[in-house]
Each structure stands twice: as structure tokens, then as C-alpha cells.
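Below is one structure, written out as C-alpha cells; the observations come after it.
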There are 2 protein chains.
Amino acid sequence: MPKKSEGKRKISESTIKRLSLYYRALSLLEKENQETISSKELARREKLTPAQVRKDLSFFGSFGTRGLGYPVSELKQRIAEILGVNRVWNIAMIGVGNIGSALVSYKEFQKQGFIIKLVFDNDQRKIGSNHKGLIVSDIRDMPRLLRENHIEMVVLAVPAIVAQYIVDEVVAAGIKAILNFAPINLHVPPDVYLRSENMSMELEYLSFTLTNRRPPAE
Amino acid sequence: MPKKSEGKRKISESTIKRLSLYYRALSLLEKENQETISSKELARREKLTPAQVRKDLSFFGSFGTRGLGYPVSELKQRIAEILGVNRVWNIAMIGVGNIGSALVSYKEFQKQGFIIKLVFDNDQRKIGSNHKGLIVSDIRDMPRLLRENHIEMVVLAVPAIVAQYIVDEVVAAGIKAILNFAPINLHVPPDVYLRSENMSMELEYLSFTLTNRRPPAE
DNA sequence: CGGCCCATGTGAATACTTTCACAATAAAGA
DNA sequence: TCTTTATTGTGAAAGTATTCACATGGGCCG
């Protein structure tokens with residue numbers, strides 16, 4: 001019974017996020033020249049359960065060898081294919097404030113194949129200036145430049161107050177994948193994929209935990 | 001039957017994260033001078049369902065008025081108490097590279113009451129320099145300075161390769177809450193709360209979605 | 001080359017989360 | 001004050017995700 005042709009294997013968001021973790025762990029293991037890894041050890045490294053690791057991978061095929069574990073390099077390559085990171089993605093950064101310019105210099109993105117090709121801002125003082133080898137473009141030229149440079153993803157690092165306005169422009173320019181750093185909920189059409197990174201949320205989660213933890217001694 | 005005294009109301013991680021969203025939405029509504037909000041409208045603004053909003057809030061009490069909705073300011077205040085953000089948290093930033101220095105200038109944190117009081121690095125060229133009014137301290141002075149400044153949370157923005165080493169030092173200094181930006185899984189004792197922000201993960205999620213989406217036309 | 005060991009792959013069981021659906025009830029207007 | 005309307009709060013139902021547990025089968029040693 002062929003699995004490939006089945007229409008609607010619905011993979012959950014949590015499984016995809018864990019694939020990212022496996023990918024990262026496997027990259028490290030590959031550097032350490034480890035050839036195989038068991039679900040048990042992979043789970044330990046990422047604080048998961050072995051059953052979880054095996055179940056996640058089983059959605060995509062049988063990559064392991066019973067009694068031995070998974071071949072590190074091969075599994076890494078297969079996950080790269082699944083995630084679509086076995087290629088280069090051209091991305092554009094919109095906004096060159098604190099966060100935007102930090103991300104332009106963030107090597108982790110490049111290492112994963114996410115190449116920032118263009119940088120935009122609407123501040124006349126910034127336009128034309130050089131950021132890590134990239135000239136800041138005028139946001140008014142965005143539609144044309146995105147098209148000319150075959151940009152497929154956009155990272156939004158603009159103030160919350162203008163974020164919805166800008167994202168509308170990005171959508172109008174035909175972009176289908178957006179990563180938003182502005183602390184506000186944005187609305188996009190159903191064929192556009194939007195993910196948001198909310199850095200305050202994690203601090204608030206820590207705040208909640210410290211506030212509501214069981215007192216140290218009863 | 002008193003709810004307050006019940007021991008083990010277990011609140012799920014997703015509920016807490018949504019409280020952050022409600023809090024953000026309510027802050028906005030308060031600025032717009034809106035006095036009440038229904039679960040329906042709150043849900044629409046954060047792309048959730050009305051039942052979800054009501055269920056989440058019901059874990060903590062009855063804040064609404066039937067037929068009318070929730071009082072914006074009061075609900076905001078109650079959520080602030082639940083999250084523990086109705087106070088100031090003193091935090092320290094460790095690492096003043098790209099990400100670290102961007103976060104020092106990130107106004108959203110301060111706005112939420114997370115005040116960066118100290119900044120550390122191990123690079124002699126950076127130590128003593130001024131970052132947005134803060135002098136970069138030597139990481140070797142960390143234990144003493146964290147204690148003296150009543151720091152309760154630490155944000156880690158150091159290279160992955162040294163992150164586990166640094167986090168061990170942070171734990172040794174008695175810190176119980178850490179937000180990690182290094183792209184690696186860190187291990188801490190069970191009484192220390194660690195959250196990680198993985199910015200590549202969201203790009204990889206977008207990559208997966210674009211790669212595996214149903215083709216535009218059949 | 002036979003048997004033992006070990007770790008996978010996976011249905012079934014369990015645990016958790018979300019949604020449904022409706023009784024309860026406050027507000028507003030007649 | 002009564003009726004209508006709107007929206008909450010919440011058990012019960014449905015839907016997802018995780019964990020269990022074990023049959024399966026490849027590798028390796030003697």
C-alpha cells in the first residue's frame with residue numbers, strides 16, 4: 001500500500017517543530033562524526049521521549065535499523081528534504097531598527113540556507129546606507145525588487161503600529177510566507193502563511209511560572 | 001466550594017501563552033478607550049474561537065458579565081496579576097552580540113516591566129563600553145552583580161558553543177528563570193525554569209509549509 | 001550459521017485540548 | 001416590572017497528541 005500517494009497525511013504543528021529540533025541535533029552529531037543515533041539518545045538530547053521521536057519520524061517513513069538506531073547523516077538529509085531546507089531560500093528583511101539589523105547579521109539564518117538578499121526601510125536617513133554589505137532600499141520600491149530578486153519569504157521587523165499596513169503591501173506584492181516580529185496580531189488572506197515570533201510571550205511565561213510556582217518549602 | 005484553595009489546578013502551556021495574547025489585545029483596547037469586549041470579538045482579534053477564550057478565562061475565575069462581555073481594564077489588570085506582570089522584573093542580558101544588543105534596546109520588554117539592569121560579556125573589547133546607558137560588565141563578576149542587583153531572570157544571547165557553560169554559571173549564581181536565544185538545547189536542574197526562543201524554527205516551519213503545500217491548481 | 005540482543009515501527013490505550021451546546025443571567029427597552 | 005436580547009460559564013462530546021507495550025527483524029558474536 002503506497003504511502004506517498006495518500007492524500008491527506010495531516011502532520012501536526014508540534015511534529016514539524018520537533019523535526020527542527022531533530023535537524024539541529026543531527027547537524028551537531030554529524031559534526032561529532034557520530035554515525036548512528038538511537039531514538040532514546042536523540043530524545044534525551046532534546047528532552048523528549050523515545051516513543052515521540054519514533055512516532056514523529058514514522059509519519060515520513062522508516063529511516064532506522066532495528067537494533068542499531070538511525071544513520072545520522074542520512075536522517076539529517078531526509079529531514080532537510082521534508083522541511084524544505086535542502087535548498088536556498090531568498091528572503092527580504094523589512095525594517096532596519098534594532099531587531100531588523102540584528103537579524104541581518106544573524107549567522108544562524110544563513111547557515112540554514114535562509115539568505116537575506118534585500119533590506120527595506122521607510123526612513124530616508126537609513127535608505128542607501130550599508131548594512132552588512134546590503135544597501136537599504138526604499139520600501140516604495142518593494143514590489144519591483146521582490147519580484148526581480150525572486151524573494152519567497154519576508155521577515156517583518158517594523159513597529160507594531162505600521163505592521164498591518166506593511167504586511168498588506170507585502171501580500172499585494174505576491175509574497176506567500178511571512179515571519180512577523182512585530183508584537184501585534186496580523187491578518188492575511190488564507191493563501192498566505194504567517195508566523196509570528198513573540199519574544200515578550202516567553203518572558204511572560206517565565207514570569208507566570210515564577211509567580212505561581214509552588215513555594216520552595218511547605 | 002472554594003476554588004482558591006484547591007491544590008492542583010493544572011494550567012496548560014497553551015492557555016498561558018494565550019493569556020499573553022489576551023493581555024496584549026486588552027492593552028490595545030484600553031488605549032482605544034473601549035470599555036467592554038465580548039469573547040467573540042476578542043477571539044476574532046487573536047484568531048481563536050470564542051469558546052476557547054471563555055474556557056481559558058474560566059480557569060481563573062468569572063470576569064465577565066452575561067449579555068455584555070468583559071470589562072477591558074479590569075480584565076487586563078486581572079490577567080496582569082495572573083501572569084505576574086503587574087510588577088517590575090529585574091533582568092540581566094548575557095552576551096552583547098547582534099541579538100543581545102538589539103534586545104537591550106528593545107522597548108517592548110521595558111514596556112512590559114522587564115527591566116534590563118545589567119549587561120555582561122566576556123569580550124575584553126566590549127567590557128566597559130556603553131550600551132544604551134548600560135556599562136557592559138565582565139562576566140566573571142556575574143555572581144556578585146546578579147545578587148547585588150536583585151536580578152531574578154536572565155536572558156542568554158551568547159554563541160551556541162559556550163551556552164551550556166554560561167548557563168551552568170547562571171544556575172550556580174542562583175537564578176531560577178532563563179530565556180535562551182542560543183540555538184541549542186540546554187540542560188538545567190529541575191528547579192530552574194528555562195525557555196528557549198528558536199528563531200530559525202519558525203523560518204523552517206514556513207519552509208516546510210511552502211514546500212509541502214497543495215499545488216496552487218490541480 | 002544459529003541464537004541472542006537491541007532498538008525500531010506501530011496499533012491500542014491513555015491523556016490532554018478544543019469545541020459544542022445550552023442553561024443561567026445581566027442589561028436594556030417597552 | 002416584564003420581555004427580549006445578548007453573552008457568559010461550563011459540563012459533556014469530539015478531536016488530537018502522547019505514551020505504552022510488544023511483535024518484528026537486523027546485526028553481531030561465538
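Not measured: the values here are computed from a predicted model. In what follows, chains are A, B, ... by sequence order, proteins preceding strands, each numbered from 1.
Using modelled atom types, one finds a donor on one side chain and an acceptor on the other under 3.5 Å when comparing S20(A) with E204(B).
Remark: Y70(A) is not in phosphate contact with dC6(C), judged by side-chain N or O atoms under 4.0 Å from OP1 or OP2. Between T49(A) and dT19(D) there is a side-chain N or O to OP1 or OP2 distance below 4.0 Å. Not one side-chain nitrogen or oxygen of S12(A) sits closer than 4.0 Å to the OP1 or OP2 atom of dT16(D). Neither OP1 nor OP2 of dA7(C) sits under 4.0 Å from any side-chain N or O of S38(A).
Here dT19(D) presents its P atom at 15 Å from NZ of K47(A), a figure rounded to the nearest Å. Whole-Å rounding puts the I16(B) CD1 to dT17(C) C1' distance at 14 Å. The CD-C1' distance, from E13(B) to dT18(C), rounds to 16 Å in whole Å. Distance CG (L75(B)) to C1' (dG9(D)): 14 Å, rounded to an integer number of Å. Going from atom CZ of R18(A) over to atom C1' of dT16(D) covers 12 Å, rounded to whole Å. The interatomic distance linking K10(A) (NZ) with dA17(D) (P) rounds to 7 Å, in whole Å. Rounded to whole angstrom, the span from the CZ atom of R54(A) across to the P atom of dC6(C) amounts to 15 Å. Atom-to-atom, CG of L68(B) to P of dG9(D) comes out at 11 Å; the value is rounded to the nearest Å.
Residue-to-nucleotide proximity on DNA chain C shows that, of R66(A) and K55(A), the 5′-proximal contact is made by R66(A).
If you check dC22(D), dT10(D), dT19(C) against the side chain of Q52(B), the one that comes closest is dT19(C).
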Hey, can you pull the donor-acceptor pairs under 3.5 Å for the side chains in residues 166-176 of chain A, sequence neighbours left out?
unit_1, atom_1, unit_2, atom_2, d
D168(A), OD1, Q164(A), NE2, 2.9
K176(A), NZ, D191(A), OD2, 2.8

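We find the CG-CZ distance between L179(A) and F114(A) to be 9.5 Å, quoted to the nearest 0.5 Å.
In this structure, R78(B) is not positioned above the aromatic face of F63(B) in the sense of NZ or CZ being under 6.0 Å from the six-membered ring centre and within 45° of the axis.
Scanning both residues, I91(A) and V155(A), for their nearest heavy atoms gives CD1-CG2, 4.0 Å.
No contact: T15(B) has no heavy atom under 4.0 Å from any strand.
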